[in-house]
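Structure, as structure tokens:
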Amino acid sequence: MAAALMLGAQGVYLGTRFLESSECPVLPAVKEHLAKSATEMDKCVLLRSFKNSTRMYNSAVAKKVLAKEAEKCKFEDIREYVAGSTACKMFFENGDIDGTGFICVGDTIGLMDEVVTCEEIINSMMNECLRSIEGIATSN
């Protein structure tokens, strides 16, 4: 984050990190699964063939969609898998990541190993930014 801000960005996108916050209304089973099981390698890019590339958690659902895309499917063939209503069922009703898990994630998915509060997330990010900036300042 410090590097992005120093290069002129006014902020950074933190969707994946806050997905695993204790305040996020997603079912605890989903957050715990991602925190305990996901690694940096557990993501894939889906919907490229529809010019809507999206980085996703590499769940069984994502693997099905990838296979169908490789077969040059029509959108109707994957609509059910990628529908927001399907993801909502997984997030808020059944927690079934392998059966209905279509989860957009960022590269940080494998860096988080516990569910913490939003306050802890922000404090740790701010501390890391300050350490990074101090490190740059002292090396010059």
Side-chain angles (χ1 to χ4, degrees):
M1 187 169 94
L5 296 174
M6 292 174 82
L7 290 171
Q10 294 186 11
V12 293
Y13 183 73
L14 298 167
T16 302
R17 186 59 191 114
F18 285 111
L19 171 66
E20 291 187 43
S21 70
S22 56
E23 293 90 342
C24 181
V26 168
L27 289 173
V30 174
K31 294 186 277 190
E32 288 296 328
H33 172 84
L34 294 173
K36 300 299 180 202
S37 302
T39 71
E40 302 87 269
M41 305 305 289
D42 289 327
K43 59 191 182 323
C44 59
V45 178
L46 300 179
L47 306 178
R48 280 185 180 153
S49 61
F50 301 101
K51 297 184 177 30
N52 192 20
S53 298
T54 305
R55 192 175 28 229
M56 306 300 271
Y57 177 65
N58 201 20
S59 66
V61 173
K63 291 173 185 169
K64 286 179 191 175
V65 172
L66 273 175
K68 287 185 178 288
E69 277 194 89
E71 297 168 358
K72 310 262 189 258
C73 69
K74 294 180 181 170
F75 186 74
E76 293 75 33
D77 298 331
I78 62 168
R79 180 188 313 265
E80 176 187 344
Y81 297 116
V82 301
S85 58
T86 302
C88 281
K89 285 179 186 172
M90 181 265 312
F91 280 130
F92 305 113
E93 294 175 23
N94 62 29
D96 181 11
I97 292 172
D98 280 330
T100 56
F102 193 71
I103 309 169
C104 294
V105 297
D107 289 332
T108 59
I109 189 65
L111 301 176
M112 302 170 290
D113 58 1
E114 63 182 335
V115 177
V116 297
T117 66
C118 290
E119 181 178 7
E120 290 172 296
I121 293 168
I122 296 297
N123 286 340
S124 83
M125 289 177 55
M126 293 307 298
N127 289 333
E128 185 178 323
C129 280
L130 290 172
R131 284 192 305 274
S132 296
I133 292 167
E134 288 169 0
I136 292 168
T138 58
S139 67
N140 288 329

(request) Measure the shortest side-chain to side-chain distance between V30 and F91 over non-hydrogen atoms and say whether it is less than 4.5 angstrom. (result) yes
(message) Can you give me the closest heavy-atom contact between I78 and C73, atom names plus distance?
(response) CG2-SG, 3.8 Å
(message) Looking at E32, I want to see if its CD is surrounded by more than 12 non-hydrogen atoms of other residues, nucleotides or ligands under 6.0 Å.
(response) yes
(request) Verify the cluster assignment for V61 and I97: are they in a single hydrophobic cluster under the rule of side-chain heavy atoms below 4.5 Å apart? (result) no
(request) Compare every heavy atom of Y81 with every heavy atom of V65, then report the nearest pair and how far apart it is. (result) CG2-CB, 3.7 Å
(message) Would you compute the distance between atom NZ of K63 and atom CE of M56 and round it to the nearest 0.5 angstrom?
(response) 14.0 Å
(message) Can you list everything that forms a side chain to side chain donor-acceptor pair (under 3.5 Å) with S85? Sequence neighbours excluded, please.
(response) none
(request) Identify, with sequence neighbours excluded, every residue that meets side chain to side chain donor-acceptor pair (under 3.5 Å) alongside S124. (result) none
(message) Side chains of C24 and F18, heavy atoms from C-beta outward: is any pair under 4.5 Å?
(response) no
(request) Could you tell me the separation between the CD atom of E134 and the CG atom of N127, rounded to the nearest 0.5 Å? (result) 9.5 Å
(request) Give the minimum heavy-atom separation between F75 and F50, together with the two atoms involved. (result) N-CE2, 3.4 Å
(message) Closer than 3.5 angstrom, by distance alone: can the side chain of K31 be matched with the main-chain N or O of S21 as a donor-acceptor pair?
(response) yes
(message) Looking at every heavy atom in both V45 and L66, which two are closest together, and how far apart are they?
(response) O-CD2, 3.5 Å
Listing, residues 102-119 side-chain donor-acceptor contacts under 3.5 Å, not counting sequence neighbours, or none:
unit_1 : atom_1 : unit_2 : atom_2 : d
T117   : OG1    : E120   : N      : 3.1
T117   : OG1    : E120   : OE1    : 3.1

(message) I'd like to know if the side chain of E69 reaches the main chain of R48, judged simply by a donor and an acceptor atom lying under 3.5 Å from each other, with no hydrogens or angles considered.
(response) yes
(request) Kindly say whether E128 contributes a backbone atom to a donor-acceptor pair with the side chain of S132 at under 3.5 angstrom? (result) yes
(message) Rounded to the nearest 0.5 Å, what separates atom CG in D96 from atom OG in S59?
(response) 9.5 Å
(message) Is the shortest side-chain heavy-atom distance between E71 and D77 below 4.5 Å?
(response) no
(request) Examine L46 and Y57 and state if one hydrophobic cluster contains both, with Ile, Leu, Val, Met, Phe, Trp and Tyr joined whenever side-chain heavy atoms are less than 4.5 Å apart. (result) no
(request) Working to the nearest 0.5 Å, report the span between OG1 of T16 and CZ of R55. (result) 7.5 Å
(request) Establish whether L130 and I122 are linked, either directly or via other cluster members, by ILVMFWY side-chain heavy-atom contacts under 4.5 Å. (result) no
(message) Do the side chains of R79 and E76 get close enough for a salt bridge, i.e. N-O under 4.0 angstrom?
(response) yes
(request) Hey, could you give me the OG1/CG distance between T100 and N94, rounded to the nearest 0.5 Å? (result) 4.0 Å
